[in-house]
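Below: one structure, written as structure tokens.
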Amino acid sequence: MSIKKIVKISFILILFIIAIIGLINTIIIYQIKENNLAKQSISKLVSMQERMNELLKDTINLESVDKLDKYKEDFSKYELEFEKIQDTFKEQDKNDLIDFFISDIQKNEIIATKLALLFESEQEIEKAFDAIYLLQETKIEVIDEFNKNYPIENELRKKLEHEINERKNFNLSQLLGDVRYYSKEVLYQKRDKETFDKWVEKIELLKHNFDNSDTEKYLEIVKKVGGSVVNIKDIEDLEFNIGNKSLNIINLNKKYSSEMEAKIEELSSNFINITYFSILLLLVIVISFLALLAYKVYKNVGLSVDEIESKIKDGLIEIKNLNHEIENTQKEVVFTMGSIGESRSKETGNHVKRVAEYSKLLALYYGLDENEAEMLKQASPMHDIGKVAIPDAVLNKPGRFDEAERKIMDTHAALGYEMLKHSNRTLLKTAAIVAYEHHEKWDGSGYPRGLSGENIHIYGRITALADVFDALGSDRVYKQAWDDEKIFNLFKEERAKHFDPKLVDIFFEHLDKFLRIRNSLKDKF
């Protein structure tokens, strides 16, 4: 084969490999997006079931049929919402172009099994609610009957007490005392059929010794009142058992959700590792071909020195372009993952862009060199990547967090670090530091480790100031944007408390540049 053909085939092969790398990068971004959508949908399903269970528990305490019907209407809305999310999984099961390269995450055996159990349990919760609804409907009717008859029973008992007290008969008074005792046991204490039967038995004994029309009426009304009480107690016991069964289903579903999310994380990590290995292998192949090509050119006397240099130069340009593409792809993946983390908390992509620009500006004025400042700019979008593991119910709560919610939210810094710390790549190492330390404070009152002063890495200190400046000036689900004067006053107050005092001084010294960046990257709605 002639050297010209070898060169031609080699460059065609290089272009082919570059195309494959581009395809792999596309699959990476698509798969990360699908995995996060699957995790969000699973969390929504469990959250929906928890709300349905709350309605089920509250239904037990309703006192009117109108309220009961309103709860049933609300429960039906949650059922429809659950089924809508369930349908999205069925829709995702349909094959698309990417499925020819890698199957959907929910088709994994473990995830598919847990999802099936999650869907089945929803039907159990529906049955439980229907059962509670019918029981509560019956209980309301029985309570209404009791409320109607109890005043009559109370009035007749007082009348009998008066008549017997006038007789001053010890035996009758003793029998009446037994009747009063068991009435309290049935109405306020045990409320069971055995005690109710003893009550009726004592009334019948009293009737035998004091037979008049009032005693007969009292016996009849007691059978109605006591029967209602026993019936109510039986219904409440059934409701309690159904409620416990439903709660057990919810707790089990939380376990399924955690197991599925852990499996998704494992699959995602394995997928990324395999992808990096594949790209590395392709690079080795490209370099090997270029080395072989150079050797052939060197050995072939038919090519001039100029031709050899030209071919080698072309090959080196291809390698350089390939390296640039890999670097750009890595930056794009990092930025995309950062945007995914922010989008879960309803924040725009421009938030991470602004934080990136602020971070680089602060780094340069602080004294970091251009390369390090650029590296921080590329890594800073990952500062909140840990939020992908925070439940939507906490992350997007429209208001202040309670203590338990705050503890959950505060875990996102450590979670982000755990996601990134294993990489040996400089960019991801920088991102791991940023994710871990951007909530530490200069005075040591931050989290997750309570670092202070220069013990906090400069990347964390810079990103902290950049993130807070942009967050305060932006609308969030839990607050409106602050005006500039309020933000500047806060920064002055938090100098040497929250923020590195030197960074605060740099911020105010070059304030016009920060505001210019903010204006150039405004959010668009």
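All figures in this text were calculated on a predicted structure; none of them were measured in a lab. Just so it is clear, the values below take in all heavy atoms, side chains as well, and ignore hydrogens, waters and symmetry mates.
Under the rule for a salt bridge (Lys or Arg N to Asp or Glu O under 4.0 Å), the partners of Lys421 that lie at least two apart in sequence or sit in another chain are Glu418. Qualifying side-chain contact (heavy atoms from CB on, under 4.5 Å) partners for Asn244, counting only residues two or more places apart in sequence or in other chains: Phe240. With sequence neighbours left out, the side-chain contact (heavy atoms from CB on, under 4.5 Å) criterion links Asp402 to Ala404, Glu405. Listed by chain and residue number, nothing satisfies the salt bridge (Lys or Arg N to Asp or Glu O under 4.0 Å) test with Asp192 (two or more places apart in sequence, or in another chain). Every salt bridge (Lys or Arg N to Asp or Glu O under 4.0 Å) that Lys407 has, sequence neighbours left out, goes to Glu403.
In this structure the side chain of Met419 never reaches within 4.5 angstrom of the side chain of Met382, judged on heavy atoms. Side-chain contact between Lys224 and Ile221 is present, with at least one heavy-atom pair separated by less than 4.5 Å.
When each of Asn350, Asp470, Asp484 is paired with Arg518, the side-chain hydrogen bond (donor to acceptor under 3.5 Å, both in side chains) condition holds for Asp484 and for no other.
Heavy-atom neighbours of Glu54 CD from other residues, nucleotides or ligands within 6.0 Å: above the threshold of 12.
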Between Ile462 and Val434, does a side chain to side chain contact (heavy atoms under 4.5 Å, CB included) hold up when you go through it step by step? CA-CA 9 Å; Ile462 287 174; Val434 168; over 6 Å; no

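The ring-ring contact (aromatic ring centres under 6.0 Å, His included) pairs that include a residue from residues 402-425 are His412-His438, His412-His439, Tyr417-Tyr436, where partners are two or more places apart or lie in different chains.
Ionic pairing of Lys70 and Asp66 is not present here: no N-O contact between side-chain nitrogen and carboxylate oxygen is shorter than 4.0 angstrom.
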